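Note sheet for the following structure.
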Amino acid sequence: VFYYNPNIYPEEEYTKRVAEQQHFIERLPAKYPISFVEGTYDKESFYEMARGLEDVKEGGERCFRCYELRLRKTCETAKADGFDYFTTTLTISPLKNSVKLNEIGLKLSEEYDMPYLLSDFKKKEGYKRSIELSAQYHLYRQNYCGCVFSKREREEQVQKERQETS
């Protein structure tokens, strides 16, 4: 498992998510050994990519560029380390655009001559299963995508919902 998420904010959240991934891998009964490789937490690369897109709503162009930033590093790592293919678990989320993720993955696959595994892990109740597994393994589930912009948007949404119910 290659973990590359320079978009996560704040750093404490990043550290928490890394620990949860490692915790899950350690507890998961695996037929084959699973190793964990942590990419560099180079948050400046994310902020550079997001410059000018700070106010774009979640799910828009900023997210698409973030997908590419992360998938590109994943592809490069998979190619350099001799993996058979690369993919992303982001397609498990109903808030992520699987079509766009796969489009980017296929583009990078051609660019790097590295096979990409098409996915839409939310299909066949995949998202529901992820919630069940999180409960089974007592995993932390965040309430925002991860970047400072999605965190801000989520906090504004929660505040608005509170005001509406008051």
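Numbers here simply count residues along the sequence, with the first being 1. Just so it is clear, the model here is predicted, and its values are computed rather than measured. Just the heavy atoms: all of them, side chains too, but no hydrogens, waters or symmetry mates, feed the values below.
Checked options Lys16, Glu13, Glu20; the residue passing with Tyr140 is Glu13 (criterion: side-chain hydrogen bond (donor to acceptor under 3.5 Å, both in side chains)).
Electrostatic pairing of Arg65 and Glu68 does not count as a salt bridge here, judged by no charged N lying under 4.0 Å from a carboxylate O.
Under the 4.5 Å side-chain heavy-atom criterion for grouping Ile, Leu, Val, Met, Phe, Trp and Tyr, Met114 is not connected to Leu69 through any hydrophobic cluster. Using a 4.5 Å cut-off between side-chain heavy atoms of Ile, Leu, Val, Met, Phe, Trp and Tyr, with links allowed through other members, Phe46 and Tyr41 fall into different hydrophobic clusters. When the side chains of ILVMFWY residues are joined at heavy-atom separations under 4.5 Å, either directly or via intervening members, Leu108 and Leu101 end up in a single hydrophobic cluster. Side-chain heavy atoms closer than 4.5 Å link hydrophobic residues (I, L, V, M, F, W, Y) into clusters, and following such links, possibly through other members, connects Ile8 to Val1. Cluster membership for Leu117 and Leu106, using ILVMFWY side-chain heavy atoms within less than 4.5 angstrom, is not shared.
A donor-acceptor pair under 3.5 Å links the side-chain atoms of Glu153 to the main chain of Glu58, judged by distance alone. At distances below 3.5 Å, not a single donor-acceptor pair connects side-chain atoms of Glu132 with backbone N or O atoms of Ser130. Side chain of Ser109 to backbone of Gly105: no donor-acceptor contact under 3.5 angstrom is found. When atom types are taken as modelled, the side chain of Ser150 and the backbone of Tyr144 share no donor-acceptor pair closer than 3.5 angstrom. Judged purely by atom type and a 3.5 angstrom limit, Asp42 has no side-chain atom pairing as donor or acceptor with the backbone of Pro6. When atom types are taken as modelled, the side chain of Arg62 and the backbone of Leu53 share a donor-acceptor pair closer than 3.5 angstrom. Judged by distance alone, the side chain of Asn97 and the main-chain N or O of Lys100 form a donor-acceptor pair under 3.5 Å.
When the shell of 6.0 Å around CD of Glu110 is examined, it contains 12 or fewer heavy atoms from other residues, nucleotides or ligands. Arg162 CZ: 12 or fewer foreign heavy atoms inside a 6.0 Å radius. Within a 6.0 Å radius of CD in Glu111, more than 12 heavy atoms belonging to other residues, nucleotides or ligands are found.
Contact check for Glu38 versus Phe2: no side-chain heavy atoms found under the 4.5 Å cut-off. Contact of the Thr165 side chain with the Glu161 side chain is not registered, since no non-hydrogen atoms from C-beta on lie closer than 4.5 Å. Looking only at side-chain heavy atoms (C-beta outward), Cys75 and Tyr116 stay at 4.5 Å or farther from each other. Counting only heavy atoms from C-beta outward, the side chains of Leu139 and His23 approach each other to under 4.5 Å. For the pair Thr88/Thr74, no side-chain contact is recorded, criterion being any heavy-atom separation below 4.5 Å from C-beta on. Within the 4.5 Å cutoff, the side chain of Phe36 has heavy atoms near those of the Val18 side chain. Between Lys107 and Arg72, some side-chain heavy-atom pair lies under the 4.5 Å cut-off. A 4.5 Å side-chain heavy-atom check between Lys43 and Glu11 finds at least one atom pair inside the cut-off.
Rounded to the nearest 0.5 Å, atoms CZ (Arg141) and CG (Leu133) are 9.5 Å apart. How far CD of Glu76 is from OH of Tyr4: 8.5 Å, rounded to the nearest 0.5 Å. Expressed to the nearest 0.5 Å, how far NZ of Lys57 lies from CG of Asp55 amounts to 10.5 Å. Between Arg154 atom CZ and Gln159 atom CD the span is 12.5 Å, to the nearest 0.5 Å. To the nearest 0.5 angstrom, Glu156 atom CD is 11.5 Å from Lys151 atom NZ. Here Leu95 contributes atom CG and Leu90 contributes atom CG; the two are 11.0 Å apart, rounded to the nearest 0.5 Å.
Listed by first and then second residue, the ring pair (Phe, Tyr, Trp, His ring centres under 6.0 Å) pairs that reach into residues 118-138 are Phe24-Tyr137, sequence neighbours excluded.
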How far apart are the C-alpha atoms of Arg129 and Ile92, what are their side-chain angles, what is the distance that settles it, and do they pass the side chain to side chain contact (heavy atoms under 4.5 Å, CB included) test?
CA-CA 10 Å; Arg129 181 69 179 132; Ile92 195 81; over 6 Å; no
Taking it one step at a time, do Asn7 and Tyr14 satisfy side chain to side chain contact (heavy atoms under 4.5 Å, CB included)?
CA-CA 9 Å; Asn7 58 309; Tyr14 172 85; over 6 Å; no
Go through it in stages, so that I can follow the logic: the residues are Asn5 and Arg17, the test is side-chain hydrogen bond (donor to acceptor under 3.5 Å, both in side chains), and I'd like the CA-CA distance, side-chain angles, deciding distance and then a yes or no.
CA-CA 10 Å; Asn5 292 291; Arg17 293 184 190 197; over 6 Å; no
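No hydrogens or angles considered: a donor-acceptor pair under 3.5 Å links the side chains of Ser98 and Lys122.
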I'd like a table of donor-acceptor pairs (distance under 3.5 Å, sequence neighbours excluded) in which one partner is a side-chain atom from residues 77-85, with atom names and distances.
| unit_1 | atom_1 | unit_2 | atom_2 | d |
| --- | --- | --- | --- | --- |
| Thr77 | OG1 | Lys73 | O | 2.8 |
| Lys79 | NZ | Tyr112 | O | 3.1 |
| Lys79 | NZ | Asp113 | O | 3.1 |

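Using the six-membered ring where Trp is involved, Tyr47 and Phe149 have ring planes that are perpendicular, over 60° apart on the 30 and 60° scheme.
Residues Leu28 and Ile34 share a closest heavy-atom pair of CD2-CD1, 3.9 Å.
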